[in-house]
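Below is one structure, written out as structure tokens; the observations come after it.
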Amino acid sequence: MDQDSVQKPSVWDRDECLFASLGQKLTRSEQKRNDIRNAASEIFITQGFQAASMDKIAALAGVSKRTVYSHFGSKEELFAYIITNFCDLKREELDVKPDHNLPLKDCLIKLGTKFLHMLHYHGSASLFRILISQAETDPSHGIEFMNTGPKISRELLATYLEEKIAAGEIDVDDPLEAAQSFYSMLFGARYLTCLVTGSPPPSPEEIDGIVESTVERFIYGLKVKT
């Protein structure tokens, strides 16, 4: 078999792959690039950034190392590409953005549910662990992730809140800060525990409960007894 022939990574669960096919017809070169990306995702997540090598990635992708370097000049460049694509593809694939046709509470519940499913079930925790491990020696990847992921998500929600302000439905001084607060509340202690201890993610039913209580607190605040 030609060492540049296209093969799917055999040990990667395609249902959980960060970059599942979106159904578009690809050229041979594009398919190889996607296979390299998928293989690199698995290597980075299962072995960590330091242990990952272009040789391992090429072997898992079923291409030559020369082919890998023809698409990505370095391991750092490949990892940065994965970070950017993860944010963009997951936002579109899972539709993790506000539904402007819904009223506030319904929109936040739908958005929060999709957001937590993405965090817990689509490779995010493993990716975050890598970014944290690299933060002191090379924060550039973390910065790239923040700019292409959380920053954009925050701005999308802020735009939705601005529409509600303009419609006279809510009164918020700083929509961007409010959007940040909403996502921070969703992260919460449960996700931090999963992130640092590797404990199992919440069930879909538990996610529903987390989102419901978060939205209630976000909209109505604490009920202080007088």
Go through it in stages, so that I can follow the logic: the residues are Asp35 and Gln31, the test is side-chain hydrogen bond (donor to acceptor under 3.5 Å, both in side chains), and I'd like the CA-CA distance, side-chain angles, deciding distance and then a yes or no. CA-CA 6 Å; Asp35 288 344; Gln31 184 61 63; 3.1 Å; yes

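- For Phe115 and Phe187, the distance between ring centers is under 6.0 angstrom.
- Counting heavy atoms from C-beta outward, Ile132 and Leu195 have side chains that approach closer than 4.5 Å.
- Partner of Gln134 under the side-chain hydrogen bond (donor to acceptor under 3.5 Å, both in side chains) criterion, chosen from Arg129, His141, Gln50: Gln50.
- Annotation: ring-ring contact (aromatic ring centres under 6.0 Å, His included) contacts involving residues 195-218, sequence neighbours excluded, comprise Phe182-Phe218.
- A perpendicular orientation is assigned to the rings of Tyr191 and His120, their planes being inclined by more than 60° (bins at 30° and 60°).
- Summarising the geometry of Cys194 relative to Pro200, their closest heavy-atom pair is SG-O, 3.5 Å, with the distance given to 0.1 Å.
- For the pair His117/Pro204, a side-chain contact is recorded, criterion being any heavy-atom separation below 4.5 Å from C-beta on.
- Side chains of Lys105 and Glu212 form a contact here, defined as non-hydrogen atoms less than 4.5 Å apart.
- Counting heavy atoms from C-beta on, the side chains of Leu102 and Leu108 never come closer than 4.5 Å.
- A donor-acceptor pair is defined here as one N or O able to donate and one able to accept, closer than 3.5 Å; such a pair exists between the side chain of Lys75 and the backbone of Phe49.
- Using a 4.5 Å cut-off on side-chain heavy atoms (C-beta onward), Ser199 and Arg190 make no contact.
- Looking at Val96 and Leu111, their side chains come closer than 4.5 Å, going by heavy atoms from C-beta outward.
- Shown here for Ile57 and Ile36, the closest heavy-atom pair between the two residues is CG2-O, 3.9 Å.
- Looking only at atom types and distance, the side chain of Glu144 has no donor-acceptor partner in the side chain of Thr148 under 3.5 Å away.
- Without hydrogens or angle criteria, Tyr160 side chain to Lys97 main chain gives no donor-acceptor distance under 3.5 Å.
- In this structure, the side chain of Lys56 engages the main chain of Ala51 through a donor-acceptor pair within 3.5 Å.
- Listed here is the closest heavy atom pair of Ala40 and Leu78: CB-CD2, 3.5 Å.
- Using a 4.5 Å cut-off on side-chain heavy atoms (C-beta onward), Leu161 and Val172 make no contact.
- Looking at every heavy atom in both residues, Ile45 comes nearest to Ser126 through CG2-CB, 3.2 Å.
- Counting only distance, with no hydrogens or angles, the side chain of Ser70 and the backbone of Thr67 share a donor-acceptor pair below 3.5 Å.
- Side chains of Val68 and Asp55 form no contact here, defined as non-hydrogen atoms less than 4.5 Å apart.
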